[in-house]
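Input: a single structure, listed below in structure tokens.
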Amino acid sequence: MVSALLFGIGLLAQTANVSVEVRGVRLEIAAPVLSQALGLESLTVGPSIRNDVLLVRCKNVSPEVLKEKIAKVVNATWMHSPEGWRLAQTAEQLAQDKAVFDSERLKKYSKIVSDIQKKAARMSVMSEATCKTLQQSIIALSKIERTKENNDQLSKRLEQIDSNTPDERLGLLIARRVTPQMFMKLTKERPKVVYCNHPTSMQIALPFPIDDIVNQVIRDQDLWIKVAGSNPIKPKSTQVGSSDDEYRLEEYFGGLNSNRNPVLKESLSTFTVSLDINTEMIEVNTYSVKGDASLSSNVYSAENSDEVASPANIRLSEFLIKQDESKQVPPKGELKEFIDVISQGWDRSKPKVSKSPLLKKFVQPEKFDPLSFAAPEIAFAQIKSPNIVMVLDDPMATPEGFDLGQDPDEVERKTVVDANSDWYVSRFLNPIAIREGVVDRKIFGPIVRYLDQNQRELTLEEDASLAFSEQWNTNPNWVFGSIRALFQPESGGRYRSFGFGSGDESDGAKRIYGSLTDGERRRMFGNEVSVGSLSEATRKEIYRAAYFGMNGRRSGGITVDLPDEENLTPEQERLQSLVYGAFRDPTFGMPNGIQTDFTLKLGETSKPTLSATYKIEGNSKVVEMMGDYSPKMQLEPESLGRMMFEFSKPREKRSNSIEGEIQLDYQMSLDTEHIRIVTSRSMSIRMRLSKWLSLSWSLEGTSWNDPTVYTLRTLPQKYQDEIQKGYSEAEQAYKESRNRVKDEQPPIKKVPPPSFSNSSNSFHTR
């Protein structure tokens, strides 16, 4: 009984019928208590469902009925043998879930393809009339000096012109032939696929012909040149747009205006169509016979204005437990504590509730699942049926809201519900997709406990090791990000979870570095080590980083090592051209995959920097906007001095159209009483592919190896001198700029920082 309560499961009665609550607990953990409640001698759970998080509330129900409801929500079967009871999926049930998973993916990709093809269908036929209309639009745009249009309207005019360029027309013509089956090649382990008309072993053969498309693009461009001429039209003014964000017309005037050269057939020799698992678009690239890049186009799925609006979720911060129609009470107990504590994961200005009993549970997600903290209260309040059996998923634990699975935009979270006056039974329509997106508590638990034990900024080695231990290509939800941030108080920015797929370019590098042993790292610093001598785990991470990155976003790039760019051999010139051409796609640069004779080498540069925090004061909307940025700055001493000068001046008011024309009347200040001397580390991982070609990644870290907290006056003199130099340079540059700009308002008298003398602006110590 004690262990049952410990894990959030309570047995309310033990009669012929049973009453039980399972408050958001993994089946593997819930099994012993369920066994006791149901009168079973023992209970084990099958591997495919052991991490499903179960929510049960029932009163005085038949054990057999409860067993049937539980089996229904996880699509499993109760099996009995001499060893005891087992709840597991049969081969047929596994196949059923897989069929739903594939069917839902096909529906999703069919919609993407349908939207893309609708957009492609709207492309007009290139005729003399359309060419003349386009030319008139370009001429009209060239004559304006300044427009009252906002930037969005101006962008639409430019996009309308650009949509008829050979690049865009090529992408739309290709889009007409893309099929959902092409997207079905995408998987969690292969989040990006590349189709090609001349495929390497790392590509897939393009499943449709393109010769007629090539010919049409060539004809369209020839017709455009015939009607509009070959000379671009010069804009009357170099800048147009609102005063806040002017467009430079030389850069934004339109590709159709600037590109008036014939498209040659030999420049369209090789086509690639790239698909990304998390992007609703197709990327088309073409290359010449020699591998030089030619036309490129990204075609996004069209927005569907008829889309059904998503129902509003209940926000935990506004959650009210309804006792009856006329009376409401605010959240209390563990639910309120959850809301208060988890919100601090992102807000570093608030003190951490380090003694909170809830934090002790956060570090044991294997036992105290985050879905047990708030989701049960929300579910019990929303669902009127007295008896509930359902499976929860991670987004239900977030302060963003609790959704019962009816959101049409969240296909993976759609539910099958069997609800009546007595029972509410709900299972996910697509359980495999849910399970793929759930953060594994057995992996995440040790990570959080490590962070809890080391309440400081992690070293690069620690961060890389944790990144490697995390799940590949799994996006964490808000609550898991907040939990990790709670135990990383020294972090110099927003919660960074490279292994969870943040999209940062150093994702792949961190996982590669984290997969190496200390001995391998020492062996590789300054030395080239063959990839074939490394572990299978490291080779897998290299492969992922080279071709996919996280969520299909590849990090790193192939480069050509040129010792003397003024005396290049023909071979080096050709390789340099390919780096900006076909080698941008590693499926060309490494056509046979990662080879064992490639070599890996590590390098590092380190330098001391200063770390300080800043504070934002002013308009609450601005503070909210700026709160997205880190309150901690890591700067070289001269940069810190320049920043101090900038922060000593009030920010001039101006409108910001992006945020709805608010006034940016905020002020920023640096905390010069709490400065740390830290070591900024920049590491490189370079894989040599051949004599001159290599693929490289970079990652940065900070070592907090000086425990002293300095003030501006107690910093070593060399840092004080460099700070003063930066401050003086910024002050001089400001004076010179004010003298050059005659139409600006007179300078506002600055308020010097406390550590500078008001009379002479000279830096001094006290």
Side-chain angles (χ1 to χ4, degrees), residues 101-126 130 152 155-156 158-188 190-197 199 203-217 220-221 255-256 263 268 270-287 293-310 408-412 433 548 551-554 585 587:
F101 179 69
D102 290 339
S103 174
E104 289 300 308
R105 288 179 68 232
L106 186 60
K107 288 180 184 177
K108 171 186 174 181
Y109 294 137
S110 295
K111 184 180 185 306
I112 292 173
V113 169
S114 174
D115 288 345
I116 287 175
Q117 292 184 347
K118 286 177 184 177
K119 188 174 183 179
R122 294 196 294 268
M123 180 178 62
S124 60
V125 176
M126 204 73 164
T130 57
D152 289 339
S155 295
K156 288 179 181 178
L158 295 167
E159 287 171 7
Q160 187 174 7
I161 294 173
D162 281 342
S163 65
N164 287 278
T165 61
D167 305 64
E168 293 303 305
R169 296 183 69 83
L170 171 67
L172 292 171
L173 289 169
I174 292 288
R176 290 177 176 177
R177 297 183 182 179
V178 170
T179 65
Q181 286 70 26
M182 292 173 66
F183 279 87
M184 291 293 283
K185 298 289 186 181
L186 295 166
T187 66
K188 183 181 177 181
R190 192 180 186 181
K192 185 172 184 176
V193 295
V194 179
Y195 291 88
C196 186
N197 60 326
Q203 299 169 335
I204 301 174
L206 198 61
F208 49 76
I210 56 171
D211 287 347
D212 58 328
I213 293 177
V214 170
N215 293 333
Q216 183 172 338
V217 169
D220 288 349
Q221 182 68 359
L256 194 62
V263 175
L268 303 178
T270 302
F271 277 68
T272 60
V273 178
S274 301
L275 307 178
D276 184 324
I277 197 169
N278 285 318
T279 306
E280 298 182 358
M281 59 165 279
I282 63 171
E283 178 184 344
V284 179
N285 287 293
T286 63
Y287 307 92
S294 49
L295 303 185
S296 178
S297 177
N298 293 335
V299 183
Y300 294 86
S301 61
E303 293 182 1
N304 188 351
S305 59
D306 297 326
E307 191 71 58
V308 180
S310 302
D409 291 332
E410 296 287 344
V411 175
E412 291 82 2
F548 305 133
N551 300 306
R553 294 188 291 271
R554 183 179 59 83
D585 192 318
T587 56

Could you check whether any side-chain N or O of D162 sits under 3.5 Å from a backbone N or O of G255, counting only pairs where one atom can act as donor and the other as acceptor? yes

Side-chain donor or acceptor of R177 paired with backbone N/O of P209 under 3.5 Å: yes

With heavy-atom distances below 4.5 Å as the criterion, would you say the side chains of F548 and R190 are in contact? yes

How many angstroms lie between atom CZ of F271 and atom CG of N285, to the nearest 0.5 angstrom? 10.5 Å

Under the side chain to side chain donor-acceptor pair (under 3.5 Å) test, residues paired with S274 that sit two or more places apart: none

How far does CD1 of I277 sit from NZ of K192, to the nearest 0.5 angstrom? 13.0 Å

Rounded to the nearest 0.5 Å, what separation is found between the CG atom of L268 and the OG1 atom of T286? 5.0 Å

If you count heavy atoms of other groups shown closer than 6.0 angstrom to NZ of K185, is the number above 12? no

Is D167 reaching over with its side chain to a backbone N or O of S296, donor-acceptor style, under 3.5 angstrom? yes

Do the side chains of T130 and V125 get nearer than 4.5 Å, heavy atoms only? no

To the nearest 0.5 Å, what is the distance between CD1 on I116 and NZ on K119? 8.5 Å

So, do V299 and L172 sit near enough that their side-chain heavy atoms are less than 4.5 Å apart? yes

Nearest-0.5 Å distance that lies between atom OG in S124 and atom CG in N164: 5.0 Å

What one should report as the nearest heavy-atom pair of A205 and P199 is CA-CG, 3.9 Å

What pair of heavy atoms forms the shortest contact from V193 to M182, and how long is it? CG2-O, 4.4 Å

Looking at K111 and D115, is any side-chain nitrogen of the basic one under 4.0 Å from a carboxylate oxygen of the acidic one? yes

Is the backbone of V217 close enough, under 3.5 Å, to the side chain of R169 for a donor and an acceptor to pair up by distance? no

Check whether any side-chain heavy atom of D276 lies under 4.5 Å from a side-chain heavy atom of M281, and answer yes or no. no

Who are the ring-ring contact (aromatic ring centres under 6.0 Å, His included) partners of Y109, not counting sequence neighbours? F183

For Y287 and S294, the nearest pair of non-hydrogen atoms, with its separation, is N-OG, 3.7 Å

Side chains of M123 and L173: closer than 4.5 Å at any heavy-atom pair? yes

Where the side chain of Q117 meets the backbone of V178, is there a donor-acceptor pair that is under 3.5 Å apart? yes

Heavy atoms only: give me the nearest T272-C196 pair and the separation to one decimal. CG2-SG, 4.1 Å

Can you tell me how far CD of Q181 sits from OG of S110, rounded to the nearest 0.5 angstrom? 7.0 Å

